[in-house]
Amino acid sequence: ERMTVSGSYLYAATESDTQELVVFSVAAPGSMAPVGGYDVSGTQDGQAIDISGTIVVLGRDDGSGPELSIFDVTAPSAPVLLGSTDLSEEVNGVALEGTSFVHVAADDDQAQYQRWDISNPSTPTQQASYNLNDDGEGVFFDGVYAYVGSEDNSQELWILGPLTPP
């Protein structure tokens, strides 16, 4: 997803090179207005975003800057970058598991599904990965399973246990 809502704020992953994360106030939907944002290093577009509590994770295109960034949005008007990592591939989907883990759908040769430990956001570490045979296009986590969309024509939906992919 390129946007997510929490409370009276909408968080958007954008194609702007000067602000890939934009926060909008939606308290009055008829007069929605940007209230904050963040420009991540590099020029990649924002592709995916999710929020849990006050943690936002942003996934971006592959390029010269980090593809996965973690923010504290306790003050939505001033997101604080807590950490980031270079996956060397496009991130097409992110789904938070609380505030400690993020599930990633990516364009990768061998690991289109990835699970990252972000409990220490300054040093995200990959915990698991799985080869879907083609690009991962989106991911949703329901508390037990990760549902991952794939471009693989023989299997476009994968249901994976978070710690024990099949």
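- Applying side-chain contact (heavy atoms from CB on, under 4.5 Å) to Val94 and the options Leu68, Thr4, Leu58, Val56 leaves one that passes, Leu68.
- Here the side chains of Phe141 and Asp50 are not in contact, with every heavy-atom distance at 4.5 Å or above.
- Between Pro124 and Thr85, the shortest heavy-atom contact is CG-CB, 4.2 Å.
- Residues Leu82 and Leu21 do not share a hydrophobic cluster, clusters being chains of Ile/Leu/Val/Met/Phe/Trp/Tyr side chains in contact below 4.5 Å.
- Residues Leu157 and Ser150 are not in side-chain contact: their nearest non-hydrogen atoms beyond the backbone lie 4.5 Å or more apart.
- Between Ile70 and the choices Ser122, Pro121, Ser84, the side-chain contact (heavy atoms from CB on, under 4.5 Å) rule is met once, by Pro121.
- Closest non-hydrogen pair, Asp107 versus Gly136, comes out as OD1-O, 4.0 Å.
- Side chains of Val5 and Tyr11 form no contact here, defined as non-hydrogen atoms less than 4.5 Å apart.
- Salt bridge Glu15/Arg2: present, at least one basic N to carboxylate O contact under 4.0 Å.
- Not a single donor-acceptor pair under 3.5 Å links the side chain of Arg115 to the backbone N or O of Val104.
- Around CZ of Phe140, the count of heavy atoms belonging to other residues, nucleotides or ligands within 6.0 Å does not exceed 12.
- Rounded to the nearest 0.5 Å, atoms CG (Asp62) and CG (Asp86) are 7.0 Å apart.
- Hydrophobic clustering (side-chain heavy atoms under 4.5 Å, transitive across Ile, Leu, Val, Met, Phe, Trp, Tyr) groups Val139 together with Leu160.
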Audit row: Gln114, His103, side-chain hydrogen bond (donor to acceptor under 3.5 Å, both in side chains) steps and yes/no: CA-CA 6 Å; Gln114 302 171 18; His103 300 264; over 6 Å; no
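- Thr14 contributes a side-chain N or O that, together with a main-chain N or O of Gln19, makes up a donor-acceptor pair within less than 3.5 Å.
- In terms of modelled atom types and a separation under 3.5 Å, the side chain of Glu20 and the main chain of Val40 share a donor-acceptor contact.
- Taking 4.5 Å as the limit, some side-chain heavy atom of Gln47 sits within range of a side-chain heavy atom of Glu90.
- In this structure, Gln44 contributes its side chain and Arg60 its backbone to no donor-acceptor pair below 3.5 Å.
- Centroid-to-centroid, the aromatic rings of Phe24 and Tyr9 stay 6.0 Å apart or farther.
- Counting heavy atoms from C-beta on, the side chains of Ser129 and Gln110 never come closer than 4.5 Å.
- Checking Asp135 against Asn92 by side-chain atom types alone, no donor-acceptor pair falls below 3.5 Å.
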